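Just follow the structure's listing: the first ligand is 1, and inside any ligand the first atom is 1. Every value quoted in this text rests on a predicted model; they were computed, and no experiment measured them.
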Amino acid sequence: MTAPVDLRSDTVTRPTPAMLRAMAAAPLGDDVYGEDPTVRRLEELAAERVGKEAALFVPTGTMGNQVAVLTHTRRGDEAVVDVASHIYDAEVGGLALLGGVQARPLESRAGRLLPAQIEAAVRADDVHYPHTGLLCLENPHNAGGGTVALPEEVAALCAVAHQRGIPVHLDGARIFNGAVALGVPAAALAAPADSVMFCLSKGLCCPVGSLVAGPAAWIAQARRMRKLLGGGMRQAGVLAAAGIVALDTMVGRLAEDHAHARRLAEGLAELPGLRIDLPTVQTNMVFVDTDLPADHVCHELAARGVLAGAVGRNRIRFVTHKDVSAAGIESALREASRTVAGW
Ligand SMILES: *Cc1c(COP(=O)(O)O)cnc(C)c1O
């Protein structure tokens with residue numbers, strides 16, 4: 001029995017030998033005292049890569065997003081969000097529960113919001129209304145298919161908020177996938193937003209970790225919010241060391257994951273009973289609509305050694321990553337074709 005081809009998520013990636021070596025050798029200190037040199041190095045490097053003044057190392061992307069919300073808003077504010085965004089849909093109601101922030105969800109198309117939608121959602125100054133305190137964007141857009149908005153599209157959305165004095169937080173969990181897909185620096189995607197979060201623990205293959213970046217004074221306040229949420233870590237350099245290796249050596253190879261996703265999508269699209277919107281396959285994700293219930297299809301695929309995630313009644317997500325080779329993709333296609341042949 002060979003190991004399954006695990007296409008559920010890029011979070012399943014294991015750290016590389018270079019990461020494990022760096023982790024073992026990292027100089028450490030107590031980061032709550034600001035004394036961990038490896039965390040400091042990672043934070044400086046991260047800030048530089050996304051073009052912000054400063055950055056903050058956090059254990060998870062979810063904590064990074066919630067720290068950003070707490071830092072940007074006041075209780076009772078309204079945040080304009082995409083209804084299909086991670087920050088609204090997949091963070092346990094943290095906006096309301098932690099921040100006391102009411103969400104104003106907007107419908108996007110394949111992860112695309114339009115400036116006019118944001119314009120219409122921003123509250124007028126009226127005694128009845130909450131104050132619009134934040135615009136949250138997500139790029140690449142996970143539920144939208146891993147789709148990437150261009151820097152100028154992001155800038156147009158941010159401009160609407162900024163004209164009204166509203167800050168923008170960008171959930172860029174996979175910002176480097178977006179950057180590689182477009183052939184632009186990650187900083188170009190992050191530039192129009194006030195703050196950005198990205199994950200080390202996904203396609204970049206770190207065992208743990210995400211970063212939030214923004215203006216230095218804002219990051220100083222975010223550091224307090226991280227402490228509040230229990231995210232003040234001590235010798236966290238042991239984790240940050242892997243992040244430095246990731247930013248230095250693991251970004252370019254994301255192109256391979258994107259090529260694998262493209263190959264997988266084109267192969268799956270030929271199978272009866274499966275439908276794929278091929279133009280939305282832009283990074284390392286393939287969303288497939290199924291005639292049969294998604295749970296059932298995933299179960300059959302798993303029995304053949306191919307793991308994918310049911311993300312809706314009739315929708316399955318496949319995510320490519322470092323630990324699935326070109327041969328793994330071919331094997332997934334072969335097994336999917338056998339599965340479909342049995343229907
Ligand atoms: C994974 C993800 C997150 C959260 O990251 P965790 O480290 O899993 O908490 C946030 N936003 C998006 C778009 C994601 O894909």
Enumerate donor-acceptor pairs with a distance under 3.5 Å from any side-chain N or O in residues 233-254 to protein atoms, sequence neighbours excluded.
unit_1	atom_1	unit_2	atom_2	d
R234	NH1	D30	OD1	3.2
R234	NH1	D30	OD2	3.2
D248	OD1	R49	NH2	3.3
T249	OG1	V245	O	2.8
R253	NH1	D257	OD2	3.2
R253	NH2	D257	OD1	2.6

Which side-chain N or O atoms in residues 264-280 pair as donor and acceptor under 3.5 Å with protein atoms at least two apart or in another chain?
unit_1	atom_1	unit_2	atom_2	d
E266	OE2	R262	NH1	3.4
R275	NH1	D291	OD1	2.6
T280	OG1	D277	O	2.7

> Can H258 and N177 be said to form a side-chain contact (heavy atoms from CB on, under 4.5 Å), step by step?
Replying inline: CA-CA 8 Å; H258 300 173; N177 293 85; 3.0 Å; yes
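A salt bridge is defined here as a Lys NZ or Arg NE, NH1 or NH2 lying under 4.0 Å from an Asp or Glu carboxylate O, and E330 with R263 meets this definition. Classification of K322 and E256 as a salt-bridged pair fails, no side-chain N sitting under 4.0 Å from a carboxylate O.
The 4.0 Å heavy-atom shell around ligand 1 contains residues T60, G61, T62, N65, H86, E91, E138, N142, D171, A173, R174, M197, C199, K202, ordered by chain and number.
In this structure R315 satisfies the salt bridge (Lys or Arg N to Asp or Glu O under 4.0 Å) test together with D289, sequence neighbours excluded.
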